[in-house]
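The block underneath contains the structure these notes are about, expressed in structure tokens.
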Amino acid sequence: MPQVDTILSRSDHIGTIGARSGIQRDTYSITPGLYCVGRPTGDSPVLVTANYKLTFDALRSELGGVDVWILVVDTRGINVWCAAGKGTFSTEEIAYQVRRAGLMEVVNHRELILPQCGAPGVSALNLKTACGFKGTFGPIRATDIKCFLASGKTADEIMRSVTFNLLERAALIPLEIFLLLKPFALTLVCLVLFSGFGPDIYSLDRVLLRGGSIALVTIMSVLAGAVLVALLLPWIPGRQFWLKGLLLGILVAVFTVLRFLPFVGWTAVIGMALWAMSVSSFLAMNFTGSTPYTSLSGVEMEMRKGLAIQIVSALLGLFCWLAGPFFL
Amino acid sequence: MQEFRYIEGAAILKLDKTACIGCGMCEIVCPHRVFKCIENKATIVDYDACMECGACARNCPTGAIFVNPDNGCGCARYILNSWLAKVTGKKPAECGC
């Protein structure tokens, strides 16, 4: 029986950075099965979790000084909530791991403590019929698990509510940036290459001036849409994400006009402003997937309008920007 | 989570009070505290906080709760991929969530 430490090592912390930044996220999993923390006995509680190592580490690092079993189920290295939504953190999978680990012989009781966020995929009622163990939903966060166990397996309103505070939002930014790197670099190279075209066919001076300015505007729009929207989320007016992003994009657009109008002319500067707004708006809309409060129906609703406006604005913007040198 | 409110009336969530037996499971599992058991019947007390995670419907013993059954995650990339899949006729690409 593998015994796990409740203090994370240096390599665990490095692994966390790898997963959070996206460098090593898709393969960050551990072997499913039964683990023990401290010196658990047949009466010790059994906590169920996913086999994403970031999840497993978050749980075990909160278990210092307690004796419990951890049953890790195979969610293909995905966290509990997302896996529950996708159906891999499921009643059937837990029942399967219970049988595989021979849990009936290990413990005397017939109860599994489930993470509350597993509820979209696990029916506590069906679990009993599937494997003989009754499911009890614990708190949302691993930080509350000790308190939950100490208070006779009860959770208060706060322990049962998700949060999305500044720190939790900031932790998501590295991954957002990492996922953007490739398309961002590709877009930037194309923009700079195309910036040289004009009435005299191609000029390097224009590449420097126009390429440099569109690159700066694009970087600012990405920062606005992917970083600032995440950090300032509750304080940006509006509910729809594409509008929140558009609002910050307008600020970038205003800066663009003030800063670059004397150098590139009206047509190109309007193009850059439109481009900035659509990039920021699109990236903000993409952030919906990282938040714990947007409904699929809501996202679909805002995308119908948002995406259409973003596409039109981006195409029109790029057209104006390319046409700029011909109208100067 | 009161500082985070999403589009009003967008979520698809239905509760059939006549089928409810007041077990309180929906109240336990909801991460946004949408339900409250009042006089042995579940009541929706904060409809617009619903994010359609489906925890309540999955754990309702009598099937009294209906939530948008599309089990994709509530993310723009997933929707974009499923729209693209409709056009190309292929299977939607993973959203990476």
Side-chain angles (χ1 to χ4, degrees), chain A residues 22 25-26 78-79 81-82 84-87 90-91 114 116-126 135-137 140 155 157 160-165 175 179 233-235 239-242 282 284-304 306-307, chain B residues 1-13 21 23-36 45-63 65 67-84 94-97:
Chain A
R25 175 169 172 255
D26 297 337
I78 305 285
N79 69 75
W81 210 2
C82 288
K86 286 175 195 279
S90 63
T91 315
L114 309 169
Q116 189 187 325
C117 281
V122 183
S123 157
L125 201 78
N126 294 350
T136 301
F137 285 106
I140 285 185
E157 284 292 299
R160 295 228 172 275
S161 311
V162 287
T163 53
F164 201 37
N165 61 40
L175 183 67
L179 293 175
L233 193 63
W235 304 293
R239 294 193 174 184
Q240 304 192 21
F241 282 64
W242 77 276
F282 179 75
M285 202 174 70
N286 253 329
F287 191 61
T288 49
S290 308
T291 73
Y293 74 99
T294 54
S295 61
L296 187 66
S297 302
V299 178
E300 196 163 354
M301 189 188 273
E302 74 163 275
M303 276 181 76
R304 280 178 201 284
L307 196 65
Chain B
M1 284 299 285
Q2 283 305 313
E3 74 259 53
F4 296 104
R5 305 296 296 182
Y6 200 43
I7 308 168
E8 271 174 32
I12 301 169
L13 167 69
I21 53 166
C23 73
M25 275 307 276
C26 52
E27 192 182 340
I28 290 174
V29 296
C30 178
H32 288 286
R33 319 313 292 149
V34 168
F35 297 93
K36 198 145 204 90
V45 290
D46 192 359
Y47 185 95
D48 289 320
C50 176
M51 60 170 289
E52 300 178 337
C53 74
C56 51
R58 169 80 64 191
N59 280 277
C60 179
T62 60
I65 304 172
V67 181
N68 182 2
D70 192 335
N71 58 1
C73 33
C75 80
R77 198 159 298 148
Y78 167 80
I79 295 169
L80 205 59
N81 288 346
S82 58
W83 284 354
L84 284 174
E94 286 279 320
C95 57
C97 294

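Keep in mind it's a predicted model, so treat the numbers as computed, not measured.
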A:Val299 side chain near B:Tyr78 side chain, heavy-atom distance below 4.5 Å: no
Check whether B:Cys30 gets within reach of chain A through its side chain, its backbone, both or neither, counting any heavy atom under 4.5 Å. backbone
Derivation of the side chain to side chain donor-acceptor pair (under 3.5 Å) call for B:Tyr6 and A:Glu302: CA-CA 11 Å; B:Tyr6 200 43; A:Glu302 74 163 275; 2.4 Å; yes
Largest heavy-atom contact set with chain B, pairs under 4.5 Å, which of A:Ala124, A:Gly135, A:Gly306, A:Pro234: A:Pro234
Taking A:Thr288 for its side chain and B:Ala76 for its backbone only, find out whether a donor-acceptor pair lies under 3.5 Å. yes
Tell me the closest heavy-atom pair linking A:Leu179 and B:Arg77, and the distance in Å. CD1-NH1, 3.9 Å
Pair B:Met51-A:Thr294, side-chain contact (heavy atoms from CB on, under 4.5 Å): steps then yes or no: CA-CA 5 Å; B:Met51 60 170 289; A:Thr294 54; over 6 Å; no
Given that the side chain runs from C-beta out, which part of A:Trp81 has a heavy atom under 4.5 Å from chain B: side chain, backbone, both or neither? side chain
Nearest 0.5 Å please: distance from the CD1 atom of B:Ile28 over to the CZ atom of A:Arg160. 5.5 Å
If you measure from CD1 on B:Ile12 to OG on A:Ser295, what distance do you get to the nearest 0.5 Å? 8.5 Å
Proximal component of A:Phe282, with respect to chain B [non-hydrogen, under 4.5 Å]: side chain
Identify which part of A:Leu307 has an atom lying under 4.5 Å from any heavy atom of chain B, answering side chain, backbone, both or neither. side chain
Non-hydrogen atoms of A:Pro120 and B:Cys53 that approach each other most closely: CB-O, 3.2 Å
Do A:Arg239 and B:Phe4 have side chains that approach each other closer than 4.5 Å (heavy atoms only, starting at C-beta)? no
Answer with side chain, backbone, both or neither: which region of B:Arg33 has an atom nearer than 4.5 Å to a non-hydrogen atom of chain A? side chain
Before giving the answer on side-chain contact (heavy atoms from CB on, under 4.5 Å), spell out for B:Ile79 and A:Leu296 the whole-Å C-alpha distance, their side-chain angles and the decisive distance to 0.1 Å. CA-CA 8 Å; B:Ile79 295 169; A:Leu296 187 66; 3.9 Å; yes
Per-residue tally against chain B (heavy atom, under 4.5 Å) across A:Asn126, A:Val122, A:Ile140, A:Thr91 peaks at A:Val122
Please round to the nearest 0.5 Å and tell me the distance separating atom CD of A:Glu300 and atom CG of B:Leu80. 11.0 Å
Stepwise side-chain contact (heavy atoms from CB on, under 4.5 Å) test for A:Trp235 and B:Glu3: CA-CA 9 Å; A:Trp235 304 293; B:Glu3 74 259 53; over 6 Å; no
Hits for side-chain hydrogen bond (donor to acceptor under 3.5 Å, both in side chains) against B:Glu27, two or more places apart or cross-chain, chain-then-number order -> none
Rounded to the nearest 0.5 angstrom, the CE-CZ distance for B:Met25 and A:Phe137 is 5.0 Å
Given that the side chain runs from C-beta out, which part of A:Met303 has a heavy atom under 4.5 Å from chain B: side chain, backbone, both or neither? both
Do B:Asn59 and A:Leu125 pass the side-chain contact (heavy atoms from CB on, under 4.5 Å) test, and can you show the C-alpha distance, the side-chain angles, and the key distance before you say yes or no? CA-CA 7 Å; B:Asn59 280 277; A:Leu125 201 78; over 6 Å; no
List the residues meeting side-chain hydrogen bond (donor to acceptor under 3.5 Å, both in side chains) with B:Glu52, not counting sequence neighbours, and say none if there are none. A:Ser297, B:Asn68
